[in-house]
Amino acid sequence: MDASVAVQWVAEEESSELSETLLLRDDLVAPELLQLEVANALRRMVWVGDISIGQAKAGLDFVRAKVRTSPLTPALLDRALELSHAMYHPIYDCIYLAVAEAESGLLITYDQELIDRAKEHGLAALIGSLPLDTP
(Lines give C-alpha, C1' and ligand atoms only; values in the text may rest on other atoms or scores of the structure.)
Protein backbone atom coordinates (compact mmCIF):
# COMPACT_ATOMS: atom_id res chain seq x y z
CA MET A 1 0.00 0.00 0.00
CA ASP A 2 1.15 3.53 -0.57
CA ALA A 3 0.77 6.88 1.16
CA SER A 4 -2.38 7.79 -0.80
CA VAL A 5 -4.12 5.00 1.12
CA ALA A 6 -2.43 5.45 4.52
CA VAL A 7 -3.23 9.17 4.70
CA GLN A 8 -6.92 8.29 4.43
CA TRP A 9 -6.73 6.74 7.90
CA VAL A 10 -6.08 10.21 9.31
CA ALA A 11 -7.96 12.40 6.82
CA GLU A 12 -11.70 12.67 6.46
CA GLU A 13 -11.99 12.18 2.71
CA GLU A 14 -14.38 10.36 0.37
CA SER A 15 -12.24 7.26 0.08
CA SER A 16 -11.49 6.94 3.82
CA GLU A 17 -14.03 4.16 4.32
CA LEU A 18 -12.40 2.00 1.64
CA SER A 19 -8.95 2.60 3.12
CA GLU A 20 -10.26 1.56 6.52
CA THR A 21 -10.96 -1.95 5.18
CA LEU A 22 -7.18 -2.43 5.23
CA LEU A 23 -7.10 -1.79 8.97
CA LEU A 24 -8.50 -5.29 9.46
CA ARG A 25 -5.37 -6.79 7.93
CA ASP A 26 -2.18 -7.67 9.75
CA ASP A 27 0.05 -8.14 6.71
CA LEU A 28 0.50 -4.59 5.43
CA VAL A 29 3.95 -3.73 4.15
CA ALA A 30 5.41 -0.69 2.41
CA PRO A 31 8.85 0.80 1.78
CA GLU A 32 10.37 3.05 4.43
CA LEU A 33 9.49 5.88 2.07
CA LEU A 34 5.87 5.56 3.25
CA GLN A 35 6.68 7.31 6.52
CA LEU A 36 8.16 10.33 4.73
CA GLU A 37 5.29 10.62 2.28
CA VAL A 38 2.64 10.29 4.98
CA ALA A 39 4.45 12.83 7.17
CA ASN A 40 4.60 15.28 4.27
CA ALA A 41 0.90 14.87 3.47
CA LEU A 42 0.02 15.36 7.14
CA ARG A 43 2.25 18.45 7.28
CA ARG A 44 0.22 19.95 4.44
CA MET A 45 -3.00 19.14 6.29
CA VAL A 46 -1.68 20.92 9.39
CA TRP A 47 -0.61 23.91 7.30
CA VAL A 48 -4.09 24.40 5.81
CA GLY A 49 -5.78 23.86 9.17
CA ASP A 50 -7.43 20.50 8.50
CA ILE A 51 -5.72 18.84 11.48
CA SER A 52 -3.54 19.86 14.41
CA ILE A 53 0.15 18.99 14.75
CA GLY A 54 -0.85 16.61 17.54
CA GLN A 55 -3.28 14.83 15.22
CA ALA A 56 -0.56 14.64 12.57
CA LYS A 57 1.88 13.05 15.02
CA ALA A 58 -0.77 10.61 16.24
CA GLY A 59 -1.66 9.78 12.64
CA LEU A 60 1.95 9.09 11.76
CA ASP A 61 2.34 6.90 14.85
CA PHE A 62 -0.79 5.00 13.82
CA VAL A 63 0.55 4.35 10.33
CA ARG A 64 3.88 3.19 11.79
CA ALA A 65 2.03 0.75 14.04
CA LYS A 66 -0.15 -0.68 11.26
CA VAL A 67 2.36 -1.06 8.44
CA ARG A 68 5.57 -3.07 8.46
CA THR A 69 8.23 -1.15 6.55
CA SER A 70 10.62 -2.73 4.12
CA PRO A 71 14.12 -1.22 4.14
CA LEU A 72 15.33 0.51 1.01
CA THR A 73 18.00 -2.02 0.10
CA PRO A 74 20.25 -1.68 -2.94
CA ALA A 75 18.37 -4.56 -4.63
CA LEU A 76 15.01 -2.90 -4.01
CA LEU A 77 16.22 0.46 -5.32
CA ASP A 78 17.78 -1.21 -8.37
CA ARG A 79 14.47 -2.90 -9.17
CA ALA A 80 12.57 0.34 -8.63
CA LEU A 81 14.97 2.08 -11.01
CA GLU A 82 14.37 -0.61 -13.64
CA LEU A 83 10.60 -0.25 -13.26
CA SER A 84 10.83 3.54 -13.33
CA HIS A 85 12.85 3.43 -16.54
CA ALA A 86 10.58 0.90 -18.23
CA MET A 87 7.39 2.73 -17.23
CA TYR A 88 8.76 6.28 -17.56
CA HIS A 89 7.27 6.93 -14.12
CA PRO A 90 8.71 8.48 -10.93
CA ILE A 91 10.91 6.14 -8.92
CA TYR A 92 9.09 7.10 -5.71
CA ASP A 93 6.00 5.24 -6.92
CA CYS A 94 8.03 2.42 -8.43
CA ILE A 95 9.58 1.67 -5.04
CA TYR A 96 6.10 0.65 -3.88
CA LEU A 97 5.76 -1.63 -6.91
CA ALA A 98 9.17 -3.16 -6.22
CA VAL A 99 8.15 -3.90 -2.62
CA ALA A 100 4.90 -5.51 -3.77
CA GLU A 101 6.87 -7.66 -6.19
CA ALA A 102 9.53 -8.60 -3.61
CA GLU A 103 6.89 -9.46 -1.00
CA SER A 104 4.72 -11.37 -3.50
CA GLY A 105 1.96 -8.98 -2.57
CA LEU A 106 -0.24 -6.31 -4.08
CA LEU A 107 0.15 -2.56 -4.24
CA ILE A 108 -2.98 -0.77 -3.07
CA THR A 109 -3.05 2.83 -4.27
CA TYR A 110 -5.42 5.61 -5.31
CA ASP A 111 -2.82 6.87 -7.82
CA GLN A 112 -4.64 6.23 -11.08
CA GLU A 113 -1.67 7.22 -13.23
CA LEU A 114 0.49 4.62 -11.49
CA ILE A 115 -2.25 2.00 -11.85
CA ASP A 116 -2.59 2.74 -15.57
CA ARG A 117 1.17 2.73 -16.19
CA ALA A 118 1.63 -0.54 -14.32
CA LYS A 119 -1.14 -2.17 -16.34
CA GLU A 120 0.30 -0.82 -19.62
CA HIS A 121 3.63 -2.43 -18.77
CA GLY A 122 2.36 -5.88 -17.85
CA LEU A 123 2.40 -5.32 -14.10
CA ALA A 124 -1.34 -5.56 -13.47
CA ALA A 125 -0.75 -8.59 -11.24
CA LEU A 126 1.01 -6.29 -8.73
CA ILE A 127 -1.96 -3.91 -8.41
CA GLY A 128 -4.76 -4.63 -5.95
CA SER A 129 -8.02 -2.85 -5.42
CA LEU A 130 -10.21 -2.03 -2.45
CA PRO A 131 -12.04 -3.52 -0.70
CA LEU A 132 -9.83 -6.52 -0.04
CA ASP A 133 -10.86 -9.62 1.82
CA THR A 134 -9.14 -9.92 5.18
CA PRO A 135 -6.63 -12.75 5.53
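- Put simply, the side chain of Ser84 never gets that close to the backbone of Cys94: no donor and acceptor are under 3.5 Å apart.
- Under the 4.5 Å side-chain criterion, counting only non-hydrogen atoms from C-beta, Leu126 is not in contact with Leu107.
- Asp50 CG to Arg44 CZ: the interatomic distance, rounded to the nearest 0.5 Å, is 11.5 Å.
- Minimum interatomic distance between Leu76 and Pro71 (heavy atoms only, all atoms of both residues): CD2-O, 3.5 Å.
- Two residues are said to be in side-chain contact when any heavy atoms from C-beta on lie closer than 4.5 Å; Leu42 and Lys57 fail this criterion.
- By the 4.0 Å N-to-carboxylate-O rule, Lys119 lies too far from Asp116 to be salt-bridged with it.
- Taking CD1 of Ile108 as the reference point, atom CZ of Arg25 lies at 7.5 Å (rounded to 0.5 Å).
- Crowding of His85 atom NE2: a count of heavy atoms from other residues, nucleotides or ligands under 6.0 Å not exceeding 12.
- The side chain to side chain contact (heavy atoms under 4.5 Å, CB included) test with Tyr96 is passed by exactly one of Met1, Glu101, Glu37: Glu37.
- Closest approach of Thr69 to Pro31, counting heavy atoms only: CG2-O, 4.3 Å.
- Test His89, Met87, Arg117, Arg79 against Leu97 for side chain to side chain contact (heavy atoms under 4.5 Å, CB included) and you get one pass: Met87.
- Considering CD1 of Ile95 and CG of Leu81, their distance stands at 9.5 Å, rounded to 0.5 Å.
- Under the 3.5 Å distance criterion, the side-chain polar atoms of Gln8 are left unmatched by any main-chain donor or acceptor of Val5.
- Closest approach of Glu103 to Ser70, counting heavy atoms only: OE2-OG, 4.4 Å.
- In this structure, Trp47 is not a member of the same hydrophobic cluster as Leu60, with clusters built from ILVMFWY side-chain heavy atoms closer than 4.5 Å.
- Contact check for Arg43 versus Asn40: side-chain heavy atoms found under the 4.5 Å cut-off.
- Looking at Asp2 and Thr109, their side chains do bring a donor and an acceptor atom within 3.5 Å of each other.
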